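To start, the structure itself, in structure tokens.
So you know, we letter chains A, B, ... as the sequences are listed, proteins then strands, and number each from 1. This one's a predicted model, so the numbers in the text were calculated from it and none came from an experiment.
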Amino acid sequence: MVRCVVVPEQDSDAGWVRALDDAGQPLGPVEKVDDLVRAVADRERADGPRWVLPAAGDLYPRLLEADVVLRRCVDLTLTEGLLIAYAGNWGAPRSLAAAWARLMGLPVPDDAAPAARQAQQALFGARVTELPGGAAPVDAAVAVHADQLRRLAAVPQSGLHLLVAAESASALVAAEMTRAGLPWRVDVHHAVLAELLGPRPPAGLPPRRLTELADQVAAAFDGRRVNPDSPADVVQAFTRAGLPISSARSHVLRRLDHPAVAPLLEYKELARLHAANGWAWLETWIRDGRFRPDWIVGGVVSGRWATRGGGALQIPHAVRRAVIADPGHQLIVADAAQLEPRILAALAGDDRMAEAAAATDLYSALAAVAFDGDRSRAKVAMLGTLYGATSGDAAPVIGALRRRFPVAVAYVEAAARDGETGRVVRSLLGRTCPPPSRGWQEAQERASLPGASAADQSRARQTARDRGRFTRNFVVQATAADWTAVLLAALRRRLLAGVAPGAEIVFFQHDEVVLHCPDEVATEAAGAAQEAAQEATRLLFGSTPVRFPFEGRIVRNYADAK
DNA sequence: TGAGAGAGCGCC
DNA sequence: AAAGGGCGCTCTCTCA
């Protein structure tokens, strides 16, 4: 058996399976099984097919609960998302029901938002999901999978196969990470909060330190109460004090010479800690010493992941002290150094830049050949090139970079021009950016009409430039996401093969992976991360001279990794 | 009273 | 760290 489609019955332990060949054609009849988890476990143990799942995130957590680990899968929903974006139908519904409806020429249902889906289930009780046209879900899954394979084969960009596989493997990683959880010491987190904010206040009251700071702010404004949480109030207070400001952002306040500034800045910092990662956060998100957010694979347009719950991708450095390996365990913190510039060097095929990117410190290497050894100028030039810097002072250094590395700079500038003129751009493996927004189209149309005003022209230029910055960055950020997706898949495969028994992926943040493992396999786990990075580099870029350092630091405490 | 926009800030 | 793109989250404030 090569592939096996599996579809759970709604609100039941049962489901359907059907074996398929590598072209997605059925090898036998549909089988109804009463105990779907057990049926999957048996087949996984027997011959480990590539499981074809409507959405791994829906079914896999149930399997993991029963300790059933899948080696390989195809996630039809994620695959559909990649394919429809590639075909220029970005944002169309991606669910199995939607894909099936498109295939059959039926009205396409919207993707149900998770909350809406839950509400609907509560409303209608145990209702089997109905597909457009009344098809059986398992038949729809078989048909959609076969159709996706056909569409994939018709795409000239061969990398999309790799991306589909890596994205599907990522969906398995995501569910496994939620199950494993990030080790979180509530006692240490409490100590951090007590140290910075004072003892825990009764619910609804501010902590002591915030009250003190608010009092100091009031005193600095001649005893007049100012709500530090209200930007409007803060702006008003400084304006009354003869320091007119247009916003209450920290970097604006920092420039002011006034006794309220210092306590106000400290207040803002601590208030955010209290609101975002304080006692309430701990009670909501930490269970049994683990933080378990929901990971949304490809949740960002560039292919980066998003999360739902607990702000998992914005954990402040101050509370990372609470992330501590279990007794007898270590954390492996591996992150890619200067990933995006390296991606550009390899992506553009700029041999001279690739040569510089063979160094451990890319910026120093660039500086040595193009900026008289001035590392900071090399960095400004590189970042300005990647992000489309608008400030005037970046222009001369970007010019110097362009003279020395014309191929790499031309690559992102072509992407920017594509965006400005309304075209879409793609990552190396074929992830496709959204088409221009309606606002962009309207602005361009208005500016092209006879008698368009100067304001219309300028607005059109502005929206075009904005989109150019987006597509310029997209090709690099999305290719970086390609690379990390392949890396995760490669790392997962190594761990499943047993290179570091007991090691688990517990956290992933754009270009950083954290593993949790028994002491005795820490070296092997770190090695696996490094090898996975090398494999990703080889699969994306072949034999590029560009190095992608991905060294895993072995620490007990996450805060010690940086 | 609740929804939604806007401001602000955390992370990469 | 840069500085720009992207997010999620919480707070205030306004409006129905």
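Taking a 6.0 Å sphere around CZ of A:R459, one finds it holds 12 or fewer heavy atoms contributed by other residues, nucleotides or ligands. Other residues, nucleotides and ligands place more than 12 heavy atoms under 6.0 Å from the CD atom of A:Q157.
Remark: the A:Q477 side chain and the C:dG6 base include no donor-acceptor N/O pair separated by less than 3.5 Å. Taking 3.5 Å as the limit, the base of B:dC9 and the side chain of A:R249 contain no donor-acceptor pair of atoms between them.
Once rounded to the nearest 0.5 Å, the distance linking CZ of A:R185 with CD1 of A:I324 reads 4.5 Å.
Checking the phosphate oxygens (OP1, OP2) of B:dG10, no side-chain nitrogen or oxygen of A:H317 falls inside 4.0 Å. Between A:K268 and B:dG8 there is no side-chain polar atom (N or O) within less than 4.0 angstrom of OP1 or OP2. The side chain of A:R272 places no N or O atom within less than 4.0 Å of a non-bridging phosphate oxygen (OP1 or OP2) of B:dG10. Residue A:S376 places none of its side-chain N or O atoms closer than 4.0 Å to OP1 or OP2 of C:dA2.
In this structure, A:F508 has its ring center no closer than 6.0 Å to that of A:W295. Ring centers of A:H258 and A:F221: under 6.0 Å apart, within the cut-off.
Looking at which nucleotide of DNA chain C each of A:D361 and A:H510 is closest to, the 5′-most match is held by A:D361. Each of A:D466 and A:R375 was assigned the nucleotide of DNA chain C with the nearest heavy atom; the assignment lying further toward the 5' end belongs to A:R375.
Atom CZ in A:R304 sits roughly 14 Å away from atom C1' in B:dG10 (whole-Å rounding). Remark: P of C:dG5 and CD of A:E420 are 13 Å apart, rounded to the nearest angstrom. Atom CG of A:L339 and atom P of C:dG6 are 18 Å apart (whole Å). To the nearest angstrom, P of C:dC13 lies 10 Å from CD of A:Q236. The nearest whole Å value for the distance from the CD atom in A:E269 to the P atom in C:dC11 is 17 Å. Rounded to whole Å, atom P of C:dC11 lies 12 Å from atom CG of A:N277. Per the geometry, NE2 belonging to A:H251 stands 13 Å off P belonging to C:dA2, to the nearest Å. A:F470 has its CZ atom 6 Å from the P atom of C:dG6, to the nearest Å.
A:S230 comes within 4.0 angstrom of sugar-phosphate atoms only, judged by non-hydrogen atoms across all strands, and of no base. Note on A:F474: nothing from the nucleic acid sits closer than 4.0 angstrom, heavy atoms only. Within 4.0 Å of A:G384, counting heavy atoms only, lies no atom of the nucleic acid at all. Residue contacts shown for A:A312 are absent, as no nucleic acid heavy atom lies under 4.0 Å away. If you check every strand for non-hydrogen atoms under 4.0 Å, A:G299 touches nothing. Among the atoms of the strands shown, only primed sugar atoms or phosphate atoms (P, OP1, OP2) are found under 4.0 Å from some heavy atom of A:I315. Residue-level contact check: A:Q509 touches the backbone only, with heavy atoms under 4.0 Å from sugar-phosphate atoms and none from bases.
Distances from the side chain of A:V301 to the nucleotides B:dG10, B:dC9, C:dC7 place C:dC7 closest. Side-chain proximity of A:V300 to the nucleotides C:dG8, C:dT12, C:dG6 is greatest for C:dG6. Checking C:dC11, C:dG6, C:dG4 against every side-chain atom of A:A275, the shortest atom distance belongs to C:dC11. When the nucleotides B:dC11, C:dG4, C:dA2 are ranked by their closest atom to the side chain of A:R320, B:dC11 comes out on top. Counting only heavy atoms from C-beta on, A:S250 has its side chain closest to B:dC9 among B:dC9, C:dG6, B:dG8. Minimum atom distance to the side chain of A:P316 is reached by B:dC11, of the listed C:dC7, C:dT12, B:dC11.
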Quiz item: Stepwise, does the side-chain hydrogen bond (donor to acceptor under 3.5 Å, both in side chains) test hold for A:D418 with A:T471?
Solution: CA-CA 8 Å; A:D418 284 342; A:T471 51; over 6 Å; no
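A side-chain contact (heavy atoms from CB on, under 4.5 Å) with A:R402 is found for exactly one of A:T385, A:V407, A:V409, A:V397, namely A:V409.
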